[in-house]
Amino acid sequence: MSLAQVHHISAAPGDEEAAGRFTAVGPGVSAALLAELEPLIGYALPDGASHRPADAELRSLPQAFTYAVLSDGSRVVGRTAPARGDGTAPVRFHTHAVHLPPGVPLPGDRLPVEAWRSPHWVSATPVGGGALSDPLGLLPPGPAPVREGLDDFAVSRGPWLAAVLADLRRASEEEAPAGGPVVLVERQSADVARWLGLAAVTLPRGSVERLTFTTYTRRPGSSALRVVGAPPEDAAAAREAGLRVHVCADRPPVDGTADAWARTAARVWRSRAPELFEEARGLPGDPFAAGPLAVIALCSGVALGPEERAAAAGWAAERPYALDAKRTGQLVEALTSPGIDDRTGSEFDSVGRLFGALDGRCPASVTAPLAAMLVTEAVRGGNGSLELPRRDAFVGPEGEAIAGVLGPEILTELESGAGGGRPVARTVQLLRVARLLGVNGTEVLPAVVARLARTILTEADGSEGTPAFAPALLELLDEQFDVRTALLGALDRIAPEDPGAVARFLERVALPFTGTQALPHLRMCAEAPGAMTTLGRDRSAVWHRVLRAAGLSPFAEPLVLRTAVGLVWEDRAPTVEEARLLLEAATSDAHRTAGTWARLVDAALGAPADTEDGTALAHDLLRAFPQEIGGRERAALQLLELCRDLRSGAPEPGWTEQVRTLRDRAAPLEPAIQERAFTALTERLLAPDRPGAELYAFVRSDDADLIAAYDRAARTEPTRTRLRTHPAYAADCFTNWTAHPHAGTAWTTTAAALLDEVLRPAVRGMTAEAVAEVEETVGRTGSSGRANAFRDWNRSRALGRLGRRIAGRVRRG
């Protein structure tokens with residue numbers, strides 16, 4: 001069919017009053033379409049261009065080659081070129097366009113960009129009804145006209161290739177990306193057309209047909225097309241408008257693109273192999289995935305980067321059936337090339353998946369290089385996440401060769417003293433590779449596993465959730481019985497030292513220790529979390545259950561005591577009741593061997609002041625562990641034992657001095673123990689039957705803390721009640737509180753306060769007979785002067801004057 005053609009003459013430069021006009025319009029092109037077309041073909045001279053150019057200048061002006069889709073779905077392909085005008089307008093801009101109705105393809109099913117070099121574009125409107133040229137229908141056959149010189153152009157634009165192709169791909173999507181057109185800044189508009197030629201070869205046909213464009217405009221920000229060419233002077237304004245701008249006429253860009261497909265396409269162009277794009281489109285998968293194109297490129301000898309190689313290996317791993325034997329071999333050869341020195345972890349992971357997909361599907365001769373590459377990386381590269389090949393992948397000469405190279409390296413690293421700092425994943429990987437290659441590591445295994453066990457607990461405690469090394473570790477234990485036996489034994493030996501860490505690890509990683517090994521400590525650690533969940537806060541019940549899980553008696557294996565105590569109480573001290581349970585559950589020798597006697601001491605020292613069993617526990621501990629308990633702890637326990645004796649009424653003489661001496665030896669003393677000791681001592685000193693020598697020693701000590709405790713005890717309700725109801729006791733207290741006027745300041749001040757604030761209210765509440773009995777008792781046990789002092793004190797209301805009178809009467813007496 002004959003396509004309608006349109007000719008248009010734009011206004012002359014500088015003639016702002018003149019308007020452009022359509023000089024010829026073919027059938028079927030409505031006025032509305034012409035109105036829509038006219039803004040698309042407007043032309044503005046570049047900066048610095050002459051309004052009256054010479055012929056050479058006229059030929060050097062840019063041409064605008066345009067492809068646009070109109071509102072009714074029809075399309076327009078056209079060229080706008082400067083042309084010589086008449087005398088009043090030396091330059092005119094002539095547009096020659098072809099209109100394609102909706103659904104009508106270009107003649108010969110060509111692409112729009114293929115017409116940019118057509119020799120049949122004209123720069124003047126045909127006159128006199130002459131035959132119209134056909135710029136689309138008379139194109140030379142074949143792809144040569146559009147592709148001519150594209151290889152050289154692509155190589156010259158190498159630094160910009162990937163970024164521009166990535167943006168052209170996005171611009172060709174069904175829904176045009178927001179943000180305006182992609183702007184290609186070139187000094188020559190023909191180079192913009194070459195960029196579009198690159199896109200026509202690189203992109204699938206459907207994408208190319210959506211790619212509307214113009215090779216030259218001075219107003220890129222207002223263009224409705226998807227790709228526009230612009231001169232360098234308009235680059236800054238386009239950037240300020242927020243457009244994607246590629247200045248291909250300036251310095252090369254520093255940053256690249258994250259689009260792996262675009263980077264692969266760029267490498268294909270730089271290798272001058274554009275025929276690979278069509279070949280890649282024959283493979284299954286997303287046309288803009290990097291994998292298919294990377295596979296074809298690698299098979300054709302194109303060098304790619306690590307991310308592109310990873311994409312190729314990953315794509316082939318997912319579709320091992322998509323490649324024939326020849327291409328599979330080429331791909332493996334390219335991936336395992338010894339000249340590659342920039343492989344990454346993700347590339348090795350993809351190669352590992354490819355090996356898994358090809359293993360058993362292809363001959364061993366094909367997969368052996370992949371297996372060798374993987375184990376070499378596992379040993380030399382330290383990639384602990386690799387999916388290793390099966391053991392039979394190394395049977396035969398290939399296996400012997402790689403084992404001869406890597407075996408000594410593996411053993412040297414396993415034997416190195418740096419094993420304590422070696423990550424678990426690394427040690428596991430080395431042990432697995434050693435087995436794959438048949439490397440004999442029997443001699444180094446005990447030391448390696450001992451270090452591995454401690455590193456496992458350290459790394460697991462420093463991570464949240466399941467440790468990253470867990471899957472590989474479990475595979476290792478499943479593969480190698482000797483390693484499993486040695487590692488479980490090592491962890492069982494470590495468990496008594498830090499059972500909490502082992503229990504937390506076992507809760508997150510289910511080690512297989514259900515075999516014939518005893519492993520009492522591991523079994524206890526595995527039992528503890530469930531017991532705590534079931535039994536809650538009943539730590540004694542949890543302890544019994546955990547101890548039963550060991551399958552051994554603490555009499556036979558005392559260390560199970562340490563593990564059980566560590567699991568149940570961790571860094572806390574047992575209560576006194578729990579400590580007595582532990583003490584009775586095993587002999588002192590068992591606790592001594594297990595080291596759990598120290599926990600029992602902590603329980604006694606940390607007991608609250610009102611816990612009665614604390615003193616009894618201290619007594620038992622001092623007799624059970626006389627050699628082990630020393631220093632501050634021994635003095636503190638002896639102080640508790642003295643409290644027991646003070647309350648029982650049979651202490652050794654010299655209580656006050658004993659309390660003070662033991663307190664100083666036990667410094668820093670737990671506040672609860674000091675409170676308990678001071679309370680026991682002062683209550684005994686306030687008792688009616690206390691020896692006078694003890695009270696005398698107490699008063700003369702002038703120990704402010706002890707005297708303050710005495711003051712508190714004297715003010716308690718039991719003491720006040722006894723003062724009110726027992727005249728003899730009131731008399732005794734009066735005598736004691738007035739008998740040492742020359743004692744230190746702490747005592748005299750405290751005694752005066754007790755007389756006024758404690759004894760006086762008690763005496764005033766007595767009957768006259770009781771007061772008389774107090775007075776008589778004071779005189780009988782003291783002297784007549786002290787009895788007179790009591791009468792004066794009882795009548796006096798001034799504590800200061802009373803104190804002076806009491807002191808004078810005592811001196812006279």
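Note on ring orientation: taking the six-membered ring where Trp is involved, the planes of Trp261 and Phe288 are perpendicular (angle over 60°, cut-offs 30° and 60°).
Under the rule for a side chain to side chain contact (heavy atoms under 4.5 Å, CB included), the partners of Val568 that lie at least two apart in sequence or sit in another chain are Arg539, Val542, Trp543. Taking the side chain to side chain contact (heavy atoms under 4.5 Å, CB included) definition, one finds that Asp602 meets it with Ala573, Arg599, sequence neighbours left out. By the ring-ring contact (aromatic ring centres under 6.0 Å, His included) test, Phe513 pairs with no residue at all, sequence neighbours left out. By the salt bridge (Lys or Arg N to Asp or Glu O under 4.0 Å) test, Arg562 pairs with no residue at all, sequence neighbours left out. Partners of Arg270 according to the salt bridge (Lys or Arg N to Asp or Glu O under 4.0 Å) rule, which considers only residues two or more places apart in sequence or in another chain, do not exist here. Partners of Ala312 according to the side chain to side chain contact (heavy atoms under 4.5 Å, CB included) rule, which considers only residues two or more places apart in sequence or in another chain, are Ala294, Val295, Leu298, Leu331. Considering only residues two or more places apart in sequence or on other chains, Glu479 meets the salt bridge (Lys or Arg N to Asp or Glu O under 4.0 Å) condition with Arg432. Considering only residues two or more places apart in sequence or on other chains, Ser588 meets the side chain to side chain contact (heavy atoms under 4.5 Å, CB included) condition with Arg592, Ala624, Phe625. Remark: Arg454 pairs with Glu497 by the salt bridge (Lys or Arg N to Asp or Glu O under 4.0 Å) rule, at least two apart or across chains.
Residues Arg504 and Glu507 are not paired through a salt bridge, judged by the lack of any N-O separation under 4.0 Å between the basic side chain and the carboxylate. A salt bridge does not link Glu527 with Arg548: every distance from a Lys NZ or Arg NE/NH1/NH2 to an Asp or Glu carboxylate oxygen is 4.0 Å or more. Using a 4.0 Å cut-off between charged nitrogen and carboxylate oxygen, Asp613 and Arg580 do not count as a salt-bridge pair.
Residue Ala162 comes nearest to Thr257 through the heavy atom pair CB-CG2, 3.5 Å, listed as atom of the first residue, atom of the second, then distance. Residues Arg422 and Ser416 come closest through the heavy atom pair NH2-OG, 3.1 Å. Nearest heavy-atom pair across Ala603 and Pro574 is CB-O, 3.1 Å. When every heavy atom of Pro499 is checked against every heavy atom of Leu567, the shortest pair comes out as O-CD2, 3.4 Å. Listed here is the closest heavy atom pair of Ala495 and Cys525: CB-SG, 4.0 Å.
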Derivation and outcome, side-chain contact (heavy atoms from CB on, under 4.5 Å), residues Leu430 and Glu409: CA-CA 10 Å; Leu430 290 173; Glu409 297 180 24; over 6 Å; no

side-chain contact (heavy atoms from CB on, under 4.5 Å) between Thr344 and Glu307, intermediate numbers included: CA-CA 8 Å; Thr344 62; Glu307 189 173 344; over 6 Å; no

Steps toward side-chain contact (heavy atoms from CB on, under 4.5 Å) verdict (Thr596, Leu582): CA-CA 9 Å; Thr596 47; Leu582 293 174; over 6 Å; no

Evaluation steps, side-chain contact (heavy atoms from CB on, under 4.5 Å), between Val332 and Leu358: CA-CA 10 Å; Val332 169; Leu358 297 181; 4.2 Å; yes

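Contact check for Met532 versus Pro529: no side-chain heavy atoms found under the 4.5 Å cut-off. In this structure, the side chains of Leu491 and Leu457 come closer than 4.5 Å at one or more pairs of heavy atoms. No side-chain heavy atom of Leu583 sits less than 4.5 Å from a side-chain heavy atom of Trp597.
Annotation: side chain to side chain donor-acceptor pair (under 3.5 Å) contacts involving residues 353-372, sequence neighbours excluded, comprise Ser350-Arg353, Asp359-Arg390. Among pairs with a residue in residues 320-343, those fulfilling side chain to side chain donor-acceptor pair (under 3.5 Å) read Glu279-Arg327, Arg309-Asp342, at least two apart in sequence or across chains.
In this structure, Leu511 CG and Leu506 CG are separated by 5.5 Å, a value rounded to the nearest 0.5 Å. Residue Glu628 holds its CD atom at 11.0 Å from CG of Leu621, rounded to the nearest 0.5 Å.
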Result block: side-chain N/O donor-acceptor pairs under 3.5 angstrom for residues 481-489, not counting sequence neighbours:
unit_1: Arg484; atom_1: NH1; unit_2: Leu477; atom_2: O; d: 2.7
unit_1: Thr485; atom_1: OG1; unit_2: Phe481; atom_2: O; d: 3.0

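Counting only N and O atoms by type, the side chains of Thr442 and Asn440 include a donor and acceptor under 3.5 Å apart.
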